[in-house]
There are 2 protein chains.
Amino acid sequence: MSEATLLQRRHRVMGDASPLFYDEPLELVKGEGVWLIDANGQRYLDCYNNVPCVGHCHPKVVAAMAEQAATLNIHTRYLNERVVRYAENLTATFADPLDAVMFTCTGSEANELALRMARYFSGNRGVIVSDYNYHGNTTSLAAVTTALPSSEPFSMHARAVPIPCLYQADGSPKQVAERYVAKVAEAIASLQAEGVGLAAMLIDTLFANEGIPRLPAGYLERVAKLVRDAGGLLIVDEVQSGFARTGEHMWGHQAHPVTPDFVTLGKPMGNGFPLAGVIANRERVEAFGRSNLYFNTFGGSPVAAAVGQAVLDVIAEQDLQGNALRQGAKLDAALHRLAERHSIIGDVRGKGLFFAVELVRDRSSREPAGTEARRIVNQLRQRGVLISKIGAHDNILKIRPPLVFEAEHGELFIDRLDQALSEL
Amino acid sequence: MSEATLLQRRHRVMGDASPLFYDEPLELVKGEGVWLIDANGQRYLDCYNNVPCVGHCHPKVVAAMAEQAATLNIHTRYLNERVVRYAENLTATFADPLDAVMFTCTGSEANELALRMARYFSGNRGVIVSDYNYHGNTTSLAAVTTALPSSEPFSMHARAVPIPCLYQADGSPKQVAERYVAKVAEAIASLQAEGVGLAAMLIDTLFANEGIPRLPAGYLERVAKLVRDAGGLLIVDEVQSGFARTGEHMWGHQAHPVTPDFVTLGKPMGNGFPLAGVIANRERVEAFGRSNLYFNTFGGSPVAAAVGQAVLDVIAEQDLQGNALRQGAKLDAALHRLAERHSIIGDVRGKGLFFAVELVRDRSSREPAGTEARRIVNQLRQRGVLISKIGAHDNILKIRPPLVFEAEHGELFIDRLDQALSEL
């Protein structure tokens, strides 16, 4: 079956607008560690996917899934020791007072639930998000999404604020912080004037979709304080920054002196098994539960728990957080060396094994090189390396490999990126 | 580890309001076919769970999951033949013009998406649901839910209509139909008067939560016509009635001369793997996709597709639709025989392997026997049989076993139910 025909078959049953990566979509048949293999046997170094955070088809995760699926796979309204144990081990990775979990299947469901809880506890309806955000595909998340096209009108109860990046913003870090904190204050005032108040600010503290901006010191703490002072709650989305990705910490927000009210988890949590959740204080979980009968049929099933536990175990046993830190440092240095030879690289930003490489046509004007970024992504695919791009101008290369990424993979990636940049 | 301690541990990390079945929650460790086994080795005949529709831990489904998880488990923005093939086989079970699928992970996500699409195509915002419905746990579904407590206020853009049941409603079938169709017309008029119009009616045509009412002839067709005439779309939720459950058809709605605009699928689709979706006409899927970049990270992954295909294969190979019809007929006869001896049984209603047994204190007044239903459910658990209860008065026994239910299981169930009823 040729790829063209498979694409036609896909269009026939899934529609031609169902999104696919690359100008020529990639037909994959096998995954293994940091490698993906296409229908022609071509191997690709995966420098993009965070879902398989401990590596594609990790044998320990596969075995846990298979064993539990053959033993018991039932919904969550019976007791099961494996589920409770996983909940204990997962919540133990968070600082007080975040000591309880509500399991869901997807990040969308987790953010939905966190927003429901924030509205419940604050008594308010308003939400603040970033002006280039994506937190999920449900109605109320689509109504606050700014990074993807949606027919859902932007909610009258939401405000989108720009996130400061010291690479782009003019002025001293202190001035930048001042200016962008003021925008949050304005958003809160506007929601209050509208009569809905502030229920929550929903952010990814790494701001991955926005391009991993260099935040000015103090920005997040000051924003968190404004949110709390207005009676709102802070929801931190760890779908991209969590599970040891940043190397420094298990959770992205732990790099900052802020304590979220709710943390939402998703993609990497089950290494591809649909597993997600909301982390919160137990008293809040219980109080919410007394006014809401919330259950999630598959969320936190024994199989989900077995898989989630295997992911935590592999992260610990293979020291993937340490690996993210070490390999991340090497990649960071190598990307900065590339920037010395390729003036199109305006900035290299990142943490652990997550990089944003901003391409610009001119370093002083910082004119976004969006077309070039698209060419690099497609060129790298031709050279056997998978990455993607992000940011409002689509000019930021997104590099986010599985955490089992080794030095040799980093060298291969840098070599191929160097070639692609040279041939622009 | 004793059950009491496990319950305490669960409360500590998941809160004490996270719902569990039974006055004394059941700690399960193993599932097999129609059997569930608790931590003490006690076996329970599962007459409740529809998620494991082809039986707990079906070896073919487990093998498909394990094999694909060891081969490739990636999100949905690459081409994969297995995913396309499953989409083809799944959509082939629907009548024209339902020829395309959008995969999600949960029924909640499927109903969310169907509602988003209905609003998009109708240009309206209003929704009609039944007055005892549950279609999911997201904000906009919680805002139309009437069967569960929720802190989300009932949407001003929704109307809840009662569903006719010939067992309860007075008058001839024709009069009943007339009266209840009029309520839908009133709901539509009210939404139009409010200025939001009708986007969709969202129903399960079996009305499982409502207690599988005996619908008067013509009711559904007339309601569907009213919905279309008002510019609204018909969303049929097959989470409970689908996948051969009713014996007569693969999908519950196929028992009626109505064609839905969207069909939403969930629970049984992956036999416990989080897999769900929306079935629609391809032109609608494509038109929606041109204004909305909808993607679902895990929905329709290669593992999801492998599992979903295995479920379809087992249904066909083991003729589970035929089995539902045959075993359902036997159970129906046996339940009617029980009703001759136990006057608390007011009515026996059902289709295939899905029964609602309505308990009443008095057959002429039909006073709901809610306390008694609760005692029966707990008594049956003590006798090694799992069922549940439904309906607005919690007085309807819900019997919905995995579809691999055989004659001997039916006999055991009837015997235990007989005992429990005798001891009331």
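So you know, we letter chains A, B, ... as the sequences are listed, proteins then strands, and number each from 1. Worth saying up front: this structure is predicted, and the values here are computed from it rather than measured.
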- In terms of heavy-atom contacts, B:Leu6 and A:Asn80 come closest through CD2-C, 4.2 Å
- Item | Under 3.5 Å side-chain donor-acceptor pair for A:Lys267 and B:Thr297 | yes
- Note on the structure: Honestly, the part of A:Ile37 sitting under 4.5 Å from a heavy atom of chain B is neither
- Output the distance between atom CG (B:Asn50) and atom CG (B:Asn271), rounded to the nearest 0.5 Å. 10.0 Å
- Contact class of A:Phe273 relative to chain B, heavy atoms under 4.5 angstrom: both
- Note on the structure: Ranking B:Gly289, B:Pro274, B:Pro302, B:Gly272 by heavy-atom pairs under 4.5 Å to chain A gives rank one to B:Pro274
- Is the closest side-chain donor-acceptor distance between B:Glu112 and A:Thr138 under 3.5 Å? no
- Most contact-rich option vs chain B, by heavy-atom pairs under 4.5 angstrom, among A:Gly15, A:Gly136, A:Pro19, is A:Pro19
- Message: Is A:Tyr48 close to chain B through its backbone or its side chain, or both, or neither, when contacts mean heavy atoms under 4.5 Å?
- Response: side chain
- Query: So, does B:Asn49 use its side chain to make a donor-acceptor pair with the main chain of B:Val51 at under 3.5 Å?
  - Reply: no
- Query: Which atom names give the shortest non-hydrogen contact between A:Ile279 and A:Thr91, and what distance separates them?
  - Reply: CD1-CG2, 4.4 Å
- Query: Who among B:Ala142, B:Ala69, B:Pro149, B:Gly31 has the most heavy-atom pairs with chain A under 4.5 Å?
  - Reply: B:Pro149
- Message: As an exercise: rank A:Thr104, A:Val13, A:Val62 by heavy-atom pairs under 4.5 Å with chain B and give me the winner.
- Response: A:Val13
- Message: What I want to check is whether the side chains of B:Ser151 and A:Asn292 have a donor and an acceptor closer together than 3.5 Å.
- Response: yes
- Most heavy-atom pairs under 4.5 angstrom with chain A, which of B:Leu113, B:Val285, B:Ile74? B:Ile74
- Note on the structure: Residue from A:Cys105, A:Ala70, A:Ala63, A:Ala66 scoring the most non-hydrogen pairs under 4.5 Å with chain B is A:Ala70
- Heavy-atom distances under 4.5 Å only: say whether A:Arg119 touches chain B with side chain, backbone, both or neither. side chain
- Item | Engaged part of B:Thr76 at the chain A interface, taking heavy atoms whose separation is under 4.5 Å | backbone
- Among B:His56, B:Glu67, B:Glu88, the residue with the most heavy-atom pairs under 4.5 Å to chain A is B:Glu88
- Item | Pair A:Thr106, B:Glu109: side-chain N/O donor-acceptor within cut-off below 3.5 Å | yes
- Residue, of B:Met65, B:Glu286, B:Met102, B:Arg10, that accumulates the most heavy atom pairs under 4.5 Å with chain A: B:Glu286
